[in-house]
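Accompanying notes for the structure given below.
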Amino acid sequence: MKILVLAGGISTERDVSLASGKNILKALKDCGHNAKMLDLFLGYQGNPDTYFESGEDFSNIGEIGLSDPIIEEVKASRVGDRAGLFGENVMKICRKADIVFLALHGEDGENGKVQASLDTLGIKYTGSGCLASAIAMNKYVSKQLMFANNITNAEYIVLKDGKCALPPFGVPCVIKPSSGGSSVGVTIVNDINEYEKAVGLAFKYENEVIVEKYIKGREFSVGVLGDTVLPPIEIIPKAGFYDYANKYQPGATVEICPAELTDEQTAEIQKNAKAVFDVLDLEVYGRIDFILNEADGKFYALEANSLPGMTGMSLLPQEAKAIGIDYPALCDKIVQLSLEKYK
């Protein structure tokens with residue numbers, strides 16, 4: 001099968017996307033597919049008709065850095081017209097694939113715009129559709145839906161257009177861009193004097209910011225693969241919180257899967273994960289993050305990931321491995337489940 005792994009782009013998670021894409025590419029080749037990878041933003045200046053016979057070599061992709069990439073430098077590196085998200089020949093090459101494996105992360109890859117563009121051209125792709133992707137990526141909208149469906153999550157306020165209002169629940173609180181990922185621009189504020197600076201940091205990334213009441217407790221994530229809810233994984237950073245550096249630097253975080261929970265707790269968090277997955281209308285696969293509140297013993301849903309990371313340190317592959325699904329089999333399963341959407 002011809003599969004195009006679409007990665008890169010110009011979100012703050014560009015480096016994570018490229019790392020995911022490189023792993024997915026190898027896995028699909030190991031499964032016997034004719035797989036090629038392409039950078040969404042940089043595109044390809046050669047002949048699109050022969051991409052699956054030649055294509056570009058992405059073997060030089062390095063490790064993920066300690067911080068998110070400088071996107072202006074990426075934009076400056078594109079040959080030709082730098083306007084728009086899609087690089088030269090991207091759509092032409094996508095149309096030659098049997099299916100496009102979306103290895104994109106961050107706003108531009110997960111907010112539904114890429115999915116909608118592929119839909120209009122009748123191009124098949126992995127994961128959720130454009131509407132569910134947009135809903136899951138926007139923390140404000142997804143939190144509203146969770147509250148409306150009685151899914152426990154943290155109290156919050158929304159700030160827009162650079163305005164800096166104090167939340168009624170005070171500090172400690174968590175400040176984050178509404179549509180970001182990989183904890184880029186996220187700050188845990190413990191002192192009111194830190195609040196304005198943290199809000200300003202979040203506004204550097206977008207003009208809508210979420211301020212959540214801080215929930216102290218253990219952090220977990222639960223993947224969903226088709227109709228299967230995967231075992232929960234516990235995330236324990238050795239220092240600080242689960243930020244960009246702790247997510248992607250080897251040895252920075254202890255991850256335990258299956259998580260050390262009672263049978264009742266495991267059943268509860270898995271039930272909650274599937275509820276979030278269904279409420280947001282996600283398809284094929286996803287991952288839901290939770291905090292187990294040490295004050296009341298309840299699981300609080302943090303957010304949903306419609307295109308979970310697939311790097312060497314990512315959580316979803318670890319959860320799948322815990323039930324006997326290795327990395328190549330996981331990638332192949334995502335392809336097969338995605339193709340079923342189009343039958």
Side-chain angles (χ1 to χ4, degrees), residues 1-11 13-14 17-18 20-21 24-25 28 33-52 55-56 71 74-75 78-138 141-142 145 178-181 206 208 277 280-286 304-308 310 331 334-343:
M1 188 185 305
K2 285 185 178 180
I3 304 176
L4 183 70
V5 180
L6 200 56
I10 49 174
S11 83
E13 294 180 77
R14 171 181 172 80
S17 169
L18 290 171
S20 286
I24 293 165
L25 178 67
L28 293 174
H33 297 293
N34 179 7
K36 290 290 181 180
M37 183 167 153
L38 183 64
D39 190 306
L40 172 71
F41 181 75
L42 297 182
Y44 180 64
Q45 284 68 54
N47 183 356
D49 293 333
T50 60
Y51 195 78
F52 277 92
E56 296 194 344
I71 299 304
V74 178
K75 290 181 178 179
R78 184 157 94 177
V79 176
D81 184 4
R82 295 172 185 170
L85 179 61
F86 293 88
E88 187 175 352
N89 290 319
V90 168
M91 282 305 191
K92 290 180 180 179
I93 297 171
C94 285
R95 296 186 77 165
K96 296 188 177 298
D98 295 308
I99 190 167
V100 174
F101 198 118
L102 295 180
L104 300 165
H105 303 312
E107 184 174 9
D108 286 326
E110 294 186 69
N111 64 7
K113 291 180 181 179
V114 172
Q115 290 82 353
S117 299
L118 296 174
D119 283 338
T120 59
L121 293 176
I123 297 169
K124 298 174 183 177
Y125 57 88
T126 56
S128 296
C130 62
L131 180 58
S133 299
I135 290 171
M137 194 65 199
N138 188 297
V141 175
S142 59
L145 285 170
S178 181
S179 296
E206 62 180 283
E208 184 174 88
F277 189 86
L280 301 184
D281 202 27
L282 296 174
E283 298 175 278
V284 181
Y285 73 122
N305 301 269
S306 62
L307 291 177
M310 296 286 283
C331 293
I334 289 170
V335 169
Q336 300 306 323
L337 288 172
S338 297
L339 285 171
E340 291 177 10
K341 296 190 305 178
Y342 298 98
K343 290 182 180 178

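All residue numbers in this chain count up from 1 along the given sequence. These values consider heavy atoms only, across backbone and side chains, with no hydrogens, waters or symmetry-generated copies.
Distance alone, capped at 3.5 Å, places no donor-acceptor pair between the Thr126 side chain and the Val335 backbone. At distances below 3.5 Å, not a single donor-acceptor pair connects side-chain atoms of Asn138 with backbone N or O atoms of Ala134. Judged by distance alone, the side chain of Tyr342 and the main-chain N or O of Tyr125 form a donor-acceptor pair under 3.5 Å. Checking side-chain atoms of Asn89 against main-chain N and O of Tyr44 turns up a donor-acceptor pair under 3.5 Å. Put simply, the side chain of Asp98 gets close to the backbone of Lys2: a donor and an acceptor are under 3.5 Å apart. Remark: side-chain polar atoms of Tyr51 are paired, donor with acceptor, to backbone N or O of Met37 under 3.5 angstrom. No side-chain donor-acceptor contact under 3.5 Å links Glu110 to the backbone of Met137. Side chain of Ser128 to backbone of Glu283: a donor-acceptor contact under 3.5 angstrom is found.
By the 4.5 Å heavy-atom criterion applied to side chains, Val79 and Glu88 are not counted as neighbours. At a threshold of 4.5 Å between non-hydrogen side-chain atoms, the residues Val114 and Asp108 do not count as touching. Looking only at side-chain heavy atoms (C-beta outward), Leu6 and Val90 come within less than 4.5 Å of each other.
In this structure, the separation between SG on Cys94 and NZ on Lys92 is 12.5 Å, given to the nearest 0.5 Å. Separating the CG atom in Asp119 from the CG atom in Leu131 is a distance of 10.5 Å, to the nearest 0.5 Å. We find the OG-CG distance between Ser133 and Leu280 to be 10.5 Å, quoted to the nearest 0.5 Å. Annotation: the span from Ile93 atom CD1 to Leu38 atom CG amounts to 5.0 Å, rounded to 0.5 Å. Here Arg14 contributes atom CZ and Ile10 contributes atom CD1; the two are 9.0 Å apart, rounded to the nearest 0.5 Å. Put simply, CD on Gln115 and OG on Ser306 are 6.5 Å apart, with the number rounded to the nearest 0.5 Å.
Under the ring-ring contact (aromatic ring centres under 6.0 Å, His included) criterion, Phe41 pairs with no residue, sequence neighbours left out. In this view, Ser11 and Glu13 satisfy the side chain to side chain contact (heavy atoms under 4.5 Å, CB included) rule, not counting sequence neighbours.
Taking all atoms of both residues into account, the shortest heavy-atom contact from Leu282 to Ala304 is CD1-CB, 4.2 Å. Residue Ala103 comes nearest to Val5 through the heavy atom pair CB-CG1, 3.9 Å, listed as atom of the first residue, atom of the second, then distance. Smallest separation of non-hydrogen atoms from His105 and Pro308: CE1-O, 3.3 Å. Closest of all the heavy-atom pairs between Gly127 and Ser338 is N-OG, 3.2 Å. Taking all atoms of both residues into account, the shortest heavy-atom contact from Ala116 to Cys130 is N-CB, 3.6 Å.
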Stepwise side-chain contact (heavy atoms from CB on, under 4.5 Å) test for Leu4 and Phe52: CA-CA 9 Å; Leu4 183 70; Phe52 277 92; 4.0 Å; yes

Full working for side-chain contact (heavy atoms from CB on, under 4.5 Å) between Ile24 and Ile334: CA-CA 11 Å; Ile24 293 165; Ile334 289 170; over 6 Å; no

Phe86 and Leu40: CA distance, side-chain angles, deciding distance, side-chain contact (heavy atoms from CB on, under 4.5 Å) verdict: CA-CA 6 Å; Phe86 293 88; Leu40 172 71; 3.5 Å; yes

Trace of the side-chain contact (heavy atoms from CB on, under 4.5 Å) decision for Met1 with Ile99: CA-CA 8 Å; Met1 188 185 305; Ile99 190 167; 4.2 Å; yes

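A salt bridge is defined here as a Lys NZ or Arg NE, NH1 or NH2 lying under 4.0 Å from an Asp or Glu carboxylate O, and Lys96 with Asp49 meets this definition. Of the charged side-chain nitrogens involved, none lies within less than 4.0 Å of a carboxylate oxygen, so that Arg78 and Asp39 do not count as a salt-bridged pair.
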